[in-house]
Amino acid sequence: MSLRVYNTLSGKKEEFQPLVPGKVGMYVCGVTVYDYCHIGHARANIVFDVIYRYFKFSGFETTYVRNFTDVDDKIINRANERGITSRELSEQFIDEFYTDMDALGIERPTHEPKATEYIDQIIAICQTLIDKGMAYAAGGDVYYSVEKFASYLKLSKRNMDEMQAGARIAPGEQKRNPMDFALWKAAKPGEPSWDSPWGAGRPGWHIECSAMSSSLLGDSFDIHGGGRDLIFPHHENEIAQSEGASGKPFAKYWLHNGFVNVNQEKMSKSLGNFFTIREILKTYDAEVVRFFILTAQYRSPIDFSDQNLMEAQSGLSRFYEALDAAQKAVADVPESDQNSGEGARLEEKFREAMDDDFNTAQAIAHLFEGVRTLNRLITTKKFAKKADLVAQVRDLHATILRLGNEVLGLFLSEPSTWLEKVRMAGLARLDITLEEIETQIEARIKARQDKDFAKSDEIRDALAARGIELLDSREGTSWKLK
RNA sequence: GGCCCCGUCGCCAAGUGGUAAGGCAGAGGUCUGCAACACCUUUAUCCCCAGUUCGAAUCUGGGCGGGGCCUCCA
């Protein structure tokens, strides 16, 4: 079974064949650091984190580059509003970015370049493009001449004539063609700037990604990723710049993640449904957010709502409950050298799903089947005395944990700890204290010992009415949120 | 207006030519003092119409509905 990926460039799933056997180079557009990250950023970063992890898991030596855009109009404006430098602002939000990404369990990429560290390379590409006649300097700006790049719009599949009809040249721009875009912008007063052959200025947005990707991955590399909204103009322009300058093919496969909607509406500041990652994490566990995002195919739109998040929490709890129960069920049983093959079978199905364009939803469905098998095995009569079943449970438990940990970045907590954390978080939203629950449980245990079932049920129903469900087992009585 | 994507059970969501995964919720059963948990069983012919095919949710055409990009955006 080989890995297949959906390539925006061809509009089809293609067999993944790296440029260099055994190695993968991937570049994903990162964030412009002028504000806190929202759940759309969470999705993009989680999706490409899993893609990165899966390449490594599949044995590829993977170089993952994710940049920071730390020079940009929005940064400059925001910094000016606050009376600090662009650098101070961007550094602050880089720290905030890491806070959020770490919470979501996102691995650090191999390289995390900042645009401002690549000014020399940016200037060099601009110069090459000017020398080749594909770009021109005008009034301290440098513009890319789109008509000089024959395959412009090949990624976004748009029509040049129609694009031109709607394009405008903004006041102050020196473009020859409205579709041309800025590679270099002349410095205005109060803006950060660098010296260049065209005078003091700063890079345009698109050029930085061309510079950073070629510097760290070479002119040609395997995977380029980002959100759907970057297809035009950002990625289209990157192709024009990079291929125009190098004369070589740029990224081989273009991967784009779908959007996050909120209650079925596009998330936007004007609609007031804009959620930052840290706001969401006040209500939902980070792993629940991660799990939720991975239960959909990465290219589909996903709807962020309380109901969907609650369901994700139930689903993830099912995993942790089963992992917890399995762990306990085999804890006191001596190890044996039996190999069940259950884990290998599950792993094969998991890989098959992931090989099909990183279908995490399908992969998770297979893991759920593993959970059911696990639960079925450990509730078998005299389970602990059946060495073959014990071996299956150990194998399956270890496999679910390993696939979850390494590829999906899930199930990383100690099950009982995680379940406890979620319970306590839920409790905080109810009008009841832990002490009250424990007191009631004690009272009910006593009533049951006295065979006073009427009272026992009364206590249970009263707690249930307040959102607390009791669970009796051999070990005693525990509780969970309804 | 141009380009692109989507429409599968009450909800979420896989499946892209061979007879509908999985989760949540629901029903019945086992377990239980009664419950809950867990397990077992069970719940759809895939927006509509026409066509291609031995065979279509999957391909083609038309319609209806939803969304995205075309300006900064994950």
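Per chain, numbering begins at 1; letters A, B, ... match sequence-line order.
B:rG55 makes up no base pair with any nucleotide shown, lacking Watson-Crick or G-U wobble contacts both under 3.5 Å. The partner of B:rU60 is B:rA50, judged by Watson-Crick or G-U wobble contacts that both fall below 3.5 Å. Using N1 to N3 plus N6-O4 or O6-N4 for Watson-Crick, or N1-O2 and O6-N3 for G-U wobble, each under 3.5 Å, B:rG65 pairs with B:rC6.
A residue-by-residue look at A:His366 and A:Leu471 shows that A:His366 has its nearest nucleotide of RNA chain B further toward the 5' end. Taking for each of A:Thr373 and A:Lys74 the nucleotide of RNA chain B with the nearest heavy atom, the 5'-most of the two is the partner of A:Thr373.
Atom-to-atom distance recorded for A:Ser90:OG and A:Arg78:CZ is 13.0 Å, nearest 0.5 angstrom.
Comparing atom distances between the A:Arg376 side chain and each of B:rC40, B:rA21, B:rA74 picks out B:rC40 as nearest. Listed candidates were B:rC39, B:rC69, B:rC72. Nearest to the side chain of A:Trp205 is B:rC72. The side chain of A:Ala361 lies closest to B:rA14 when the candidates are B:rA74, B:rA14, B:rC72. The side chain of A:Val260 lies closest to B:rA74 when the candidates are B:rA74, B:rC34, B:rC5. Among the nucleotides B:rC11, B:rC37, B:rC4, the one closest to the side chain of A:Gln307 is B:rC11. Residue A:Asn257 places its side chain closer to B:rA74 than to any other of B:rA74, B:rG33, B:rA21.
In this structure, A:Arg299 forms a cation-pi arrangement with A:Tyr6, its terminal cationic atom sitting closer than 6.0 Å to the ring centre and no more than 45° off the ring axis.
Remark: ring of A:Phe368 not stacked against base of B:rG22; the cut-offs of centroid gap under 5.5 Å and plane tilt under 30° are not jointly satisfied.
Taking the six-membered ring where the residue is Trp, A:Phe149 and A:Tyr144 present perpendicular rings, their angle passing 60° and hence far from 30°.
OP1 and OP2 of B:rA25 both lie 4.0 Å or more from every side-chain N or O belonging to A:Arg318.
Taking the six-membered ring for Trp, A:Phe68 and A:Phe93 have ring centres at least 6.0 Å apart. Ring pair A:His224/A:Tyr27: centre-to-centre distance below 6.0 Å.
In this structure, A:Gly40 reaches the bases: a heavy-atom distance under 4.0 Å links it to at least one base atom across the strands shown.
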